[in-house]
Amino acid sequence: MATVLVLLFFFSLSTSILPSYGFDPLDPQGNITIRWDLMSSSGTNDLKVTIFNQQLYRHIEPPGWKLKWHWLGKEVIWDMRGAEATEQGNCSEFKTGNLPHSCERAPVIVDLLPGAPYNMQTKNCCKGGVLSSLKQDPSLSVATFQLSVSGGGAADSAGFEMPVNFSLGVPGYSCSNGTEVKATKFPLDGRRWTQALKTWNVTCMYSPSLASPTPKCCVSLSAFYDSNIVPCPKCSCSCQGQPGSKCVKFGETPSLLKQKEDPNEVSKPVVRCTQHMCPIRVHWHVKQNYKQYWRVKMTVTNFNIMKNYSDWNLVVLHPNLKSLTQVFSFNYSPLGQYGYFNDTGMFWGLKFYNQMLVQEGVNGNVQSEILLAKDTGNFTFKQGWAFPRRITFNGDECVMPQPDDYPKLPNDANSARSSHFLTILAFMLVVIML
Ligand SMILES: *[C@@H]1O[C@H](CO)[C@@H](O)[C@H](O)[C@H]1NC(C)=O
Ligand SMILES: *[C@@H]1O[C@H](CO)[C@@H](O)[C@H](O)[C@H]1NC(C)=O
Ligand SMILES: *[C@@H]1O[C@H](CO)[C@@H](O)[C@H](O)[C@H]1NC(C)=O
Ligand SMILES: *[C@@H]1O[C@H](CO)[C@@H](O)[C@H](O)[C@H]1NC(C)=O
Ligand SMILES: *[C@@H]1O[C@H](CO)[C@@H](O)[C@H](O)[C@H]1NC(C)=O
Ligand SMILES: *[C@@H]1O[C@H](CO)[C@@H](O)[C@H](O)[C@H]1NC(C)=O
Ligand SMILES: *[C@@H]1O[C@H](CO)[C@@H](O)[C@H](O)[C@H]1NC(C)=O
Ligand SMILES: CC(=O)N[C@H]1CO[C@H](CO)[C@@H](O)[C@@H]1O
């Protein structure tokens with residue numbers, strides 16, 4: 001009974017800290033800031049827009065950001081560098097000379113692709129809208145573009161009017177309006193600084209409940225002391241045969257693969273038929289027990305047959321991670337830099353080795369082993385302690401097995417198989433607690 005209660009406690013803990021309202025306890029300062037710098041304001045307003053991904057572990061993956069805003073007046077964009085508007089729109093008002101780059105009231109701006117013509121580039125541009133997380137590669141977490149705008153409602157000396165209603169075009173993010181902040185200073189040569197005429201910040205926050213109604217990842221467990229493998233919970237991400245859920249049987253080549261996917265759209269995952277129906281499965285195997293250490297093998301498997309996950313990452317919560325001694329084949333960085341947590345860390349692939357989790361069928365998994373020192377007084381294989389409390393893949397929460405199903409120590413089995421009545425009672429207790 002005690003086992004069940006302890007496990008249920010961990011379970012309730014791990015579900016109750018899920019950030020559902022935009023605040024992520026693992027990354028409390030995380031946001032994407034879009035800074036607008038008005039560089040000059042004679043004839044046209046010349047602006048420099050910089051997108052900073054200031055999130056520790058969330059990144060923007062292909063097809064990338066698609067920034068949209070609404071002009072307040074009759075602004076048109078005459079020129080753009082480092083990015084482009086997807087639509088030119090109705091420029092019929094301009095009858096002579098060059099036409100503007102975009103006359104849309106609500107332009108949608110996309111990053112240029114790598115290898116764009118040199119004269120169209122800016123510093124930090126041309127990554128197809130992909131932004132790395134701060135932990136993985138801060139040098140790739142920033143994007144910049146420039147635009148020349150004229151014809152605003154406030155075409156007086158006030159110059160430029162900040163547009164409103166921003167969206168990042170990535171599921172899960174919502175953005176504020178711009179607020180004017182201290183003007184940015186730009187270093188010229190180390191001795192002299194220039195300054196923007198005006199600067200505004202727009203802040204975009206992530207909220208998982210906005211992002212996706214269904215999970216995209218699940219966790220399975222095993223241990224050297226129990227021959228059972230605890231699979232991902234059935235229907236973790238979807239159920240086979242449920243209307244709207246499609247999957248491809250093992251060994252079959254899907255007809256979908258022959259269809260050309262639109263590279264500009266977020267494609268729906270096409271998964272192999274499994275009982276969990278998730279595109280990603282993370283397996284945690286408690287592999288070995290040494291005198292002072294214990295060893296875990298982690299395997300991430302891609303069941304999405306249409307997608308390679310480049311620059312994937314895992315965030316793992318386990319109380320023993322603060323005594324992590326060695327990590328093989330993955331990069332690791334603790335996430336607890338704000339002092340709330342000491343038990344959370346991030347794993348990601350090694351460059352040129354397993355940075356890309358390729359599609360199922362090619363070689364769809366990445367693996368690592370980690371060695372952890374046993375904290376005196378805390379360490380135990382009992383009561384599911386050796387298993388992670390929480391895992392996310394690319395920032396998406398993975399569905400964990402029920403604590404009742406966890407691998408059990410041989411001598412733990414009897415006490416753990418407590419009566420159903422007590423289990424139900426404990427569940428009700430947890431529900432009341434939440
Ligand atoms: C956005 O992130 C930066 C850097 O982490 C932080 O300084 C700032 O307070 C954050 N803004 C909001 C509104 O959370
Ligand atoms: C911005 O969005 C609000 C609410 O959706 C809407 O009422 C308003 O008209 C929009 N502003 C512009 C300039 O489109
Ligand atoms: C373009 O805008 C003008 C007014 O600026 C309008 O008269 C014309 O009908 C519009 N054309 C289309 C195709 O919407
Ligand atoms: C931004 O400003 C516009 C116009 O003032 C308003 O309609 C909209 O609701 C604001 N959006 C946010 C997120 O505050
Ligand atoms: C505006 O955003 C930039 C980039 O994140 C940051 O350096 C600056 O401190 C922000 N300004 C304010 C007042 O938050
Ligand atoms: C994924 O990568 C593999 C190996 O590099 C490649 O053969 C395959 O075409 C890629 N698939 C997609 C969907 O990009
Ligand atoms: C985190 O761990 C370090 C080293 O194990 C320890 O010194 C520190 O007090 C811990 N912090 C918290 C908040 O538990
Ligand atoms: C997670 C946990 O129970 N940590 C405890 C491990 O043991 C030390 C002292 O031995 C405690 O301070 C921790 O709270």
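Each residue takes its place number in the sequence, starting with 1. Read the numbers this way: they start at 1 and go in the same order the structure lists the ligands and their atoms. Values reported hereafter were calculated over all heavy atoms of this structure, with side chains retained and with hydrogens, waters and symmetry mates removed.
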Asks: Does any N or O of ligand 1 fall below 3.5 Å from an N or O anywhere on N31, backbone included?
Replies: yes
Asks: Can you name the salt bridge (Lys or Arg N to Asp or Glu O under 4.0 Å) partners of E84, sequence neighbours left out?
Replies: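 E84 satisfies salt bridge (Lys or Arg N to Asp or Glu O under 4.0 Å) with no other residue.
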Asks: Under the rule for side-chain hydrogen bond (donor to acceptor under 3.5 Å, both in side chains), what residues qualify as partners of S139, not counting sequence neighbours?
Replies: D137
Asks: Can you confirm whether or not the ring centre of W312 sits under 6.0 Å from the ring centre of F347?
Replies: no
Asks: Can you name the residues that form a salt bridge (Lys or Arg N to Asp or Glu O under 4.0 Å) with D46, not counting sequence neighbours?
Replies: none
Asks: Are C175 and C204 close enough that their SG atoms are less than 2.5 Å apart?
Replies: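 Their SG atoms fall under 2.5 Å; a disulfide, then.
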Asks: Test your reading of the structure: does Q54 have an N or O sitting under 3.5 Å from an N or O of ligand 5?
Replies: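 N/O-N/O distance below 3.5 Å exists for this pair.
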Asks: Is the gap between the SG atoms of C218 and C232 under 2.5 Å?
Replies: yes
Asks: Answer yes or no: does an N/O atom from R35 fall short of 3.5 Å to an N/O atom of ligand 5?
Replies: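 No.
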Asks: Find all protein N or O atoms under 3.5 angstrom from an N or O atom of ligand 3 and list the pairs with distances, or write 'none'.
Replies:
from	atom 1	to	atom 2	distance (Å)
ligand 3	2 (O)	N90	ND2	2.3
ligand 3	11 (N)	N90	ND2	2.8
ligand 3	14 (O)	N90	ND2	3.4

Asks: Could you list which atoms of ligand 5 come closer than 4.0 Å to a heavy atom of N201?
Replies: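 Counting from 1, the qualifying ligand atoms are 1 (C), 2 (O), 3 (C), 8 (C), 10 (C), 11 (N), 12 (C), 14 (O).
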Asks: Using the ring centroid of each side chain, check whether W348 and Y57 are separated by less than 6.0 Å.
Replies: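 No, too far apart.
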